[in-house]
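Everything on this sheet refers to the single structure shown next.
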Amino acid sequence: CSASTGVAGGALPREQKGAPAYCKYWCQYPDQTCIKRTGSPRHRLTAASPTSGSGSGRCAGAGVVLMAEQEEEEVGDGFWEEEGEEEEVYSPEDLKPVAPDTGGDESLRATTAEPGDQDESAKVEGSNTAHLFVFTNDKAGMGKVDKSKVNKVVYEMSKDSAYFAHASSQDKKNDKRIHDLREKLQSLSLSRRSSLASEVSALEIKLEKQRFCRRVCVVVDMDCYYAAVEMRDNPHLRDKPMAVGGIGMISTANYKAREYGVRSAMPGFIALKLCPELIFVRSHFDKYKETSDRVLTVLRQYDPHCRMMSLDEAYLDLTEEVSRRQVEETSSKANLEGGAQMELEEMASRVVAELRAKVQEASGGLTCSAGLAPNFRLAKIASDVKKPNGQCIVPFHREAAIAFLHSMPVRKVGGIGKVMEKTLKEVFGVETVAELFEKRLELFHCLTPKSSHWLLRVALAIHHDDEAKAMAEWKTAVGDGEDAAEATSFQSV
DNA sequence: GGGGGAAAAATTA
DNA sequence: TTCCATAATTTTTCCCCC
Ligand SMILES: Cc1cn([C@H]2C[C@H](O)[C@@H](COP(=O)(O)OP(=O)(O)OP(=O)(O)O)O2)c(=O)[nH]c1=O
Ligand SMILES: [Mg+2]
């Protein structure tokens, strides 16, 4: 769909420069054929401005087609979930398990579970497409899911869709980028390496000075939040596989459903194939908001400045609260036995356990998990470790922080998604944070200064609330430092 | 080469 | 037989042009 918008001022839209005359999203079809919703702001501009309101978010061409032929398809008001009730009826085709796994499953598992060399050999259709989807990534409660089976179903359900075509073409672009990076990596000479080595180690020393390990950072994250609220209000859903969302898209699923591989951000019709008994429940944002507010009230008692990052996730700094209690403890205990002050870790854990109990009470029985660590990046990762209804503490000293982080796959780090994960793996062979650290010189050689610097901070387990400020500091430091030319020379790619 | 600025992509809940 | 969200935020890419 040629959504040509005469964007006023500035650069001309790229379509006018010989780019393909069709939508770059899922609609790969020329002009009016497109019936797909698109997320591009430019498309939204064309679709939304002429007709007021309805038909929002579709390509211009698509809007016409849809309005003429498919009236009752949901028009984008309210939220993304389907409004009608009739869409709950599906053909039995959808319910048929896709892989009649009888023995063939074994061989499949044997071949695909083997890590390592998936390079050129395994170009076979469908074997390696999991990385195209967000929802094939690990998630709490999916430990013993048969991943190869899930991936197969996902592939079977997706392979002919425009969505899949789009994802694949994106992936192809990334492969090119990866290829370029590999070449760049080849060009890393010994002399370059040694100059990078000194640069990086200077940076490490600088960063090391910023390290502060006695801060008590806590991330609280509700367990399968939307689903938990729905189950609270409708207990008979509790022991059944259930998902919040619609046949189009699932917001989240309860643990029972996760056993089947059903996950956040998975299209409902695929989930249904994975788990034919799956029950769909529509989302109720008012309830989630209301419950979230009640949780927030509790959290504020512990940290008045606590930040709610979404309806189900909050960041708290409990340094003060914990040290206050340590003082209290010591003074009361001193009267009796005059013992030493309670360990920071122990007191912090105690406070968080108490906090979680209060959250559970205030929210009407919802459980949450928490991560405690010297900084929020670690705390966020830790909050996932003991999920559900548990807490994980990273002891408040340098070695523990580094050991914890280095054991993690890079994908666990907030900010590293499926693209960066694949890049790191295929260019540098990096899968864990420990490897990230080992390959830091290579990273500095190949990536943008911004990326490599950020990754170094990750690898060192150093994090401050204001990474942007840290970046600015670094820029000025490099600018007036020894060799500005050096610093800018690896700006490419 | 690199500044400036917009579009596109990546990431997150 | 079809059915793959969305908004916010941040970074990277792309293009024009000096
Ligand atoms: C990841 C994700 C979450 N959400 C919503 C639904 C989730 O309940 C809510 C919180 O997200 P999460 O905390 O990522 O997931 P969760 O709370 O459902 O499960 P977990 O036990 O692993 O923490 O945000 C989406 O709408 N889309 C998404 O892609
Ligand atoms: Mg959660």
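Everything numeric in this text was worked out from a predicted model, so none of it was measured. Numbered from 1 within each chain, the chains take letters A, B, ... in sequence-line order.
Atoms CD (A:Glu421) and P (B:dT12) sit 10 Å apart, rounded to a whole Å. If you measure from atom NZ of A:Lys273 to atom C1' of C:dC4, you get 15 Å, rounded to the nearest angstrom. If you measure from atom NE2 of A:His131 to atom P of B:dT11, you get 13 Å, rounded to the nearest angstrom. Put simply, CG on A:Leu132 is 15 Å from C1' on B:dA10, counting in whole angstrom units. Straight-line distance from the CD atom of A:Glu156 to the P atom of C:dT2: 13 Å, rounded to whole Å. Going from atom CZ of A:Phe285 over to atom P of B:dA13 covers 15 Å, rounded to whole Å. Spacing between atom NZ of A:Lys176 and atom C1' of C:dC14 amounts to 13 Å, rounded to whole angstrom units. A straight line from CG of A:Leu311 to C1' of C:dA8 spans 14 Å, rounded to a whole angstrom.
Nucleic acid contact for A:Asp221: none, since no nucleic acid atom lies under 4.0 Å from a heavy atom of the residue. At the heavy-atom level, A:Ile416 lies under 4.0 Å from the strands shown only through sugar-phosphate atoms. Within the nucleic acid shown, A:Val413 comes within 4.0 Å of sugar-phosphate atoms alone, with no base atom in reach, counting heavy atoms only. Among the atoms of the strands shown, only primed sugar atoms or phosphate atoms (P, OP1, OP2) are found under 4.0 Å from some heavy atom of A:Gly414. Using a 4.0 Å heavy-atom criterion, one finds that A:Lys422 contacts no nucleic acid atom at all.
More than 12 heavy atoms of other residues, nucleotides or ligands sit less than 6.0 Å from atom NZ of A:Lys422.
Taking A:Ala228 as the reference, A:Leu366 meet the side chain to side chain contact (heavy atoms under 4.5 Å, CB included) condition, with sequence neighbours excluded. Residues passing the salt bridge (charged side-chain N to carboxylate O under 4.0 Å, His left out) test with A:Lys176 are A:Asp180, sequence neighbours excluded. Residues meeting the side chain to side chain contact (heavy atoms under 4.5 Å, CB included) test with A:Val419, sequence neighbours left out: A:Asn174, A:Arg177, A:Thr423.
Pairs of residues two or more places apart, or lying in two chains, that qualify as salt bridge (Lys or Arg N to Asp or Glu O under 4.0 Å) and include a residue from residues 406-416 of chain A are A:Asp384-A:Lys412, A:Arg411-A:Glu421.
Side-chain to base pairing of A:Ser161 with C:dC3: no donor and acceptor N or O lie closer than 3.5 Å to each other.
Salt-bridge annotation for A:Lys256 and A:Glu259: absent, with no side-chain N of the basic residue lying under 4.0 Å from a carboxylate O of the acidic one.
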Could I get a table of every N or O pair under 3.5 Å where one atom is in the protein and the other is in nucleotides 9-11 of chain C?
none

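For the OP1/OP2 pair of B:dA10 and a distance below 4.0 Å, the side-chain nitrogens and oxygens of A:Gln170 include at least one atom meeting the criterion. For B:dA9, neither phosphate oxygen OP1 nor OP2 lies less than 4.0 angstrom from any side-chain nitrogen or oxygen of A:Asn174. For B:dT12, neither phosphate oxygen OP1 nor OP2 lies less than 4.0 angstrom from any side-chain nitrogen or oxygen of A:Lys412. For A:Lys173, no side-chain nitrogen or oxygen approaches OP1 or OP2 of B:dA8 to under 4.0 Å.
Comparing C:dC4, B:dA13, C:dT13 by their closest approach to the side chain of A:Arg177 singles out C:dT13. If you check B:dT12, C:dC4, B:dT11 against the side chain of A:Arg411, the one that comes closest is B:dT12. Considering only side-chain atoms of A:Ser310, the nucleotide from B:dT11, B:dA13, C:dC4 that sits closest is B:dA13. Counting only heavy atoms from C-beta on, A:Met420 has its side chain closest to B:dT11 among B:dA9, C:dC3, B:dT11. The side chain of A:Ala265 has C:dA5 as its nearest neighbour among C:dA5, C:dC4, B:dA13.
Of the candidates A:Thr291, A:Asp293, A:Asp286, A:Lys289 forms a side chain to side chain donor-acceptor pair (under 3.5 Å) with just one, namely A:Asp293.
With hydrogens and angles left out, the side-chain atoms of A:Arg258 and A:Thr252 include a donor and acceptor closer than 3.5 Å. No hydrogens or angles considered: nothing links the side chains of A:Glu313 and A:Tyr225 as a donor-acceptor pair under 3.5 Å. A side-chain N or O of A:Thr448 and one of A:Ser451 form a donor-acceptor pair less than 3.5 Å apart.
End-to-end axis angle of the helix from B:dG1-C:dC18 to B:dA13-C:dT6, from C1' rotation axes over five pairs per end: 30° (rounded to 10 degrees).
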Test ring-ring contact (aromatic ring centres under 6.0 Å, His included) applied to A:Phe376 and A:His463, step by step: CA-CA 7 Å; A:Phe376 283 114; A:His463 175 79; 7.3 Å; no
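Comparing the C1' positions of B:dT11 and C:dA5 gives a spacing of 15 Å, expressed to the nearest Å.
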